[in-house]
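What follows is a single structure, written as structure tokens, with notes after it.
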Amino acid sequence: MKNSSLRFRFAPSPTGALHIGGIRTALYNYLLAKKLGGTFILRIEDTDQSRYVEGAEKYIIDSLKWCGITPAEGPGFGGEFGPYRQSERTAIYDEYIAKLILSGHAYYAFDTSEELEKYRTEAENTSRPFKYDSFTRLQLNNSLALPPETVKEYLEKNMPYTVRLKVPEDESIHVQDKIRGEVIFHSQELDDKVLRKADGLPTYHLANVVDDHLMGISHVIRGEEWLPSTAHHVLLYRAFGLEDNMPEFAHLPLILKPTGNGKLSKRDGVKLGIPVFPISWVGESEESSFTGFREAGFLPEAMLNFLAFLGWNPGTEQEIFTIDQLVEAFDIAHIGKAGARFDYEKAKWFNQQYIIHSSPENLANLLLPLLPEKYKPVSQDYLISFCKLMQERVVTINDFFENGYYFFEPVHTFDTKNIAKKWSPALKQTIQNLIEKWSACSPFNQEQIQLSFDTFMQDNQLKTGDILPVFRIGLAGTMKGPAVFDLIELWGMQEVSNRMNKAFDHFDKTLLS
RNA sequence: GGCCCGUUCGUCUAGGGGUUAGGACGCAGGAUUUUCAUUCCUGUAACACGGGUUCGAUUCCCGUACGGGCUACCA
């Protein structure tokens, strides 16, 4: 079902870490491309050299790779429509800008940033704020207002200039948005956007339109913050004579802050102690470094599932979707219009569900490289058993070690208050007897251990509640965790005996004073 | 300020002219469990407001309020 005419792009700027809003945009593009048999493309929009951040492009690619939504075309991924970095395409943009000037759709402007800034502050408190548009451009320093000789002279003297779009005076611009329907803008409201900056590089608007066209992009799916400037983009397509071949537009609702007002921002993560990035970003200082979902112990599939539902739903009551199922179910029609608040609790729930439904083997493979070095080495089988016992008791991957460290090293904290009333040195002999009885279990498994325990309790007229909690604390140090009999089966009697003997000393010391 | 977009439980959302307004997270209670967790059950809680249109509006239209975005030689 390959359809080479359906091309979707994710076009981030390498200005630092990319938060999950960007990942969601990438995901939606990827999902649609896969579903429709189209192509998912990565384009790096690095036209602002002042905001360029070293390593940001690598971060974007690493993030996409971790998520498993890798582009079929892009820098480092090949493709016939490259280069895929805008900074490597300046000659192309110049060509298109020249066309626009020739056809009268764009003009040279010699006003400096300082001058424009001055106009703006002067008009700040008036009823009509300064805007570079059809009302003001004839009073400004540009090739529309200046005599041709002066323009020629300026150009020959290499005077710095920008190129601006000549927005028509009185036109309605109709944007067809797949999510919002028809959105109408009036050209009087639009300013003459800069197309080419004084440094010779294009602005987003020009590069974006040229590249989408040249790269054969059929669908532009991006955040809602781009909706207002889409009017300019339509004007550009029109100026190039490409209006009939414009891509389809879909503007996604924004992801909002977990609390408070506004859209989700980079700072929100550290402020609330939650990840808002896919993977960690190491900045120059601590303030500019962030942790990610990966470091917080999330499975990429779970994060993606969570993200997919922030602004989209399948129209059914199913919530857990594999990537393949998302590809199958995804559609633009079910994308919402309103901003969606980021809900970390829900994200954790998705992750928990994914861990519970993963195979222990799979989890063991994930955990193996994360095993702290101080832990004694363990076999693959042991790790698998550990995962089987713990997977219903964790929310993140990190919880495995946080809650289950005692599978790999001696108990370091005994939560003895739960057995304070039960403990007496006399119990030691009872426990020794029980351990001896267990040693005879054959086969040595959880069922037999349980059976043996039950008869022992009956024979000695003891209650489960008197003995088992002592074992729990003795073996694991905590009241929380897997069934005691499962631990015993996994560890064997020698280990159990060692642990209990160590615990006895501790119990005596802390509980008998 | 101007322009554009939006508004269903606290949160993510389904729905759509006549419904007991459905699900999920969270929270609360209960069952199961030697603990914790899982699982299951129950409960909690919403159509922003005001006008129309209509026999009937949460659903359609218009206002208002509120929220969001844009308003740079940033993307």
Side-chain angles (χ1 to χ4, degrees), chain A residues 11-15 45-48 50-51 109 111-113 116-117 120 124-129 131-132 160-164 175 177 179-181 183-186 188-191 193-205 207-208 222-231 251 253-254 256 258-259 261-263 306 309-320 334 336-350 352-353 356 390-395 403 418 450 453 457 463-469 471-473 476 478-485:
Chain A
S13 270
T15 54
E45 309 227 331
D46 54 348
T47 56
D48 185 356
S50 67
R51 291 217 303 156
D111 320 83
T112 64
S113 305
L116 296 173
E117 189 53 43
R120 261 180 218 112
E124 213 164 58
N125 297 313
T126 67
S127 58
R128 179 181 278 278
K131 192 148 56 75
Y132 210 120
Y161 66 87
T162 63
V163 175
R164 285 179 179 269
V175 174
D177 187 278
I179 293 171
R180 284 148 221 285
V183 183
I184 302 169
F185 298 89
H186 301 283
Q188 307 100 289
E189 310 289 348
L190 273 33
D191 65 334
K193 280 258 177 298
V194 169
L195 267 17
R196 184 191 134 119
K197 297 175 276 187
D199 64 6
L201 290 170
T203 56
Y204 172 87
H205 309 288
N208 193 259
R222 75 228 304 189
E224 196 186 358
E225 70 266 31
W226 295 109
L227 188 51
S229 58
T230 307
H251 289 92
L254 265 15
L256 274 17
T259 57
N261 294 184
K263 63 172 174 175
F306 162 68
F309 272 71
L310 236 40
W312 172 84
N313 73 85
T316 67
E317 287 181 355
Q318 184 183 349
E319 292 213 76
I320 304 293
H334 282 97
K337 293 184 175 76
R341 207 175 271 279
F342 178 86
D343 181 5
Y344 191 54
E345 290 304 318
K346 189 89 183 225
K348 286 195 291 191
W349 176 78
F350 273 108
Q352 183 181 36
Q353 290 298 310
I356 288 171
M390 291 300 289
Q391 69 185 128
E392 281 187 354
R393 291 167 236 270
V394 298
V395 174
N403 303 344
N418 287 292
Q450 165 101 51
F453 177 80
M457 296 315 265
K463 276 185 292 191
T464 303
D466 296 329
I467 301 296
L468 222 43
F471 267 100
R472 177 169 294 288
I473 300 297
T478 168
M479 285 303 285
K480 300 177 179 179
V484 168
F485 301 130

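Residue numbering restarts at 1 for every chain, and letters A, B, ... go by the order of the sequence lines.
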Contacts under 3.5 Å, N or O only, protein and nucleotides 41-46 of chain B:
none

### Summary
Under a 3.5 Å limit on both distances, the Watson-Crick or wobble mate of B:A48 is B:U64

### Pairwise C1' distance, B:G15 and B:G51 [rounded to whole Å]
25 Å

### Query
Looking at residues at least two apart in the chain, or sitting in another chain, which of them share a side-chain contact (heavy atoms from CB on, under 4.5 Å) with A:Ala109?
A:Tyr107, A:Asp111, A:Tyr132, A:Asn142, A:Thr162, A:Arg164

### Task
Could you tell me which residues satisfy salt bridge (charged side-chain N to carboxylate O under 4.0 Å, His left out) with A:Asp48, sequence neighbours excluded, listed by chain and number?
A:Arg51

#### Entry: Partners passing side chain to side chain donor-acceptor pair (under 3.5 Å) against A:Asn418 (at least two apart in sequence or in another chain)
A:Asp415

#### Entry: salt bridge (charged side-chain N to carboxylate O under 4.0 Å, His left out) partners for A:Glu225, two or more places apart
none

### Nucleotide opposite B:A28 in a Watson-Crick or G-U pair, distances under 3.5 Å
B:U42

### Query
Starting at CE of A:Met479 and ending at C1' of B:U33, how long is that distance when rounded to a whole Å?
12 Å

### Query
Residues in side-chain contact (heavy atoms from CB on, under 4.5 Å) with A:Ser113, at least two apart?
none

### Task
Could you tell me whether A:Pro258 contacts a base, only the sugar-phosphate backbone, or nothing, with contacts defined as non-hydrogen atoms closer than 4.0 Å?
nothing

### Task
Return the value, rounded to whole Å, for the distance between atom CG of A:Asn403 and atom C1' of B:U35.
14 Å

### Query
Expressed as a whole number of Å, how far does the P atom of B:G43 sit from that of B:C62?
40 Å

### Query
Hey, mind stepping through A:Tyr161 and A:Arg196 against side chain to side chain contact (heavy atoms under 4.5 Å, CB included) and telling me if it holds?
CA-CA 9 Å; A:Tyr161 66 87; A:Arg196 184 191 134 119; 3.4 Å; yes

### Query
Between the base of B:C36 and the side chain of A:Arg393, is there any donor-acceptor pair under 3.5 Å?
yes

#### Entry: A:Arg472 (side chain) and B:U35 (base): donor-acceptor pair under 3.5 Å
yes

### Query
Whom does B:U20 pair with, Watson-Crick or G-U wobble, provided both distances fall under 3.5 Å?
none

### Integer angstrom distance from the P of B:C47 to that of B:G26
24 Å

#### Entry: Whichever of A:Gln450 and A:Gly315 has its nearest RNA chain B nucleotide further upstream toward 5'
A:Gly315

### Ionic contact status for A:Glu224 with A:Lys337, cut-off 4.0 Å
no

### C1' spacing across the pair B:A24 / B:A45, given as an integer number of angstrom
14 Å

### Query
Atom CZ of A:Arg128 and atom P of B:C3: how far apart are they, to the nearest Å?
12 Å

### Spacing of A:Arg472 atom CZ and A:Ile467 atom CD1 [to the nearest 0.5 Å]
14.0 Å

### Task
Pick the P atom in B:G2 and in B:U64, then give their distance to the nearest Å.
11 Å

### Summary
A:Arg180 atom CZ is separated from B:G6 atom P, nearest whole Å, by 6 Å

### Task
Just call it for A:Ile184: base, sugar-phosphate, or nothing, with non-hydrogen atoms closer than 4.0 Å on any strand.
sugar-phosphate

#### Entry: All side chain to side chain donor-acceptor pair (under 3.5 Å) counterparts of A:Asn313, not counting sequence neighbours
none

### Task
Would you kindly compare A:Asn313 and A:Val183 by the position of their nearest RNA chain B nucleotide and give the one closer to the 5′ end?
A:Val183

### Message
Using atom P in both nucleotides, what's the gap between B:C41 and B:U54 to the nearest angstrom?
### Response
46 Å

### Task
Select base, sugar-phosphate, or nothing to describe what A:Phe185 touches, counting heavy atoms under 4.0 Å on all strands.
sugar-phosphate

#### Entry: Atom pair distance, as rounded to whole Å: CG in A:Leu468 and P in B:C36
13 Å

Are there any protein N/O atoms within less than 3.5 Å of an N/O atom in nucleotides 21-26 of chain B, and if so, which ones and at what distance?
residue	atom	partner	partner atom	Å
B:G22	O2'	A:Glu317	OE2	3.2
B:G23	O4'	A:Glu317	OE2	3.1
B:A24	O4'	A:Glu319	OE2	2.7
B:A24	O2'	A:Glu319	OE2	2.3
B:A24	O2'	A:Lys346	NZ	3.0
B:A24	N3	A:Lys346	NZ	3.1
B:C25	OP1	A:Trp349	NE1	3.4

### Query
Taking a pair as Watson-Crick or G-U wobble with both distances under 3.5 Å, which nucleotide is matched to B:G1?
B:U71

### Task
Remember a base hit wins even if backbone is also touched, and classify A:Gly311 as base, sugar-phosphate or nothing at under 4.0 Å, heavy atoms.
sugar-phosphate

### Message
At 4.0 Å (heavy atoms only), tell me whether A:Gly481 reaches a base, stays on the sugar-phosphate, or touches nothing.
### Response
base

### Task
Using whole Å, report how far CZ of A:Phe485 lies from P of B:U35.
12 Å

### Message
Please give the distance between the C1' atoms of B:G18 and B:A57 as a whole number of Å.
### Response
9 Å

### Message
For the P atoms, the ones on B:C61 and on B:U53, what distance do you get once it is rounded to whole angstrom?
### Response
16 Å

### Task
Can you tell me the pairing partner of B:A14 across any strand shown, Watson-Crick or G-U wobble, with both distances under 3.5 angstrom?
none

### Task
Look only at the side chain of A:Asp177 and the backbone of A:His251, and say whether a donor-acceptor pair between them is shorter than 3.5 Å.
yes

### Steps toward ring-ring contact (aromatic ring centres under 6.0 Å, His included) verdict (A:Phe453, A:Phe471)
CA-CA 12 Å; A:Phe453 177 80; A:Phe471 267 100; 7.5 Å; no

#### Entry: With A:Asp191 via side chain to side chain donor-acceptor pair (under 3.5 Å) - residues at least two apart
A:Lys193, A:His232

### Task
Calculate the interatomic distance between A:Glu189 atom CD and B:G2 atom C1'; express it in whole Å.
7 Å

### Residue list, ring pair (Phe, Tyr, Trp, His ring centres under 6.0 Å) with A:Trp349, at least two apart or on another chain
none

### Summary
Scoring nucleotides 61-75 of chain B by protein non-hydrogen atoms under 4.0 Å (B base, S sugar-phosphate only, - none) yields -------SBS-SBBB

### Task
Could you state the atom-to-atom distance from CZ of A:Phe342 to C1' of B:U11 in whole Å?
12 Å

#### Entry: Residues that A:Ser13 engages under side chain to side chain donor-acceptor pair (under 3.5 Å), provided they are two or more places apart
none

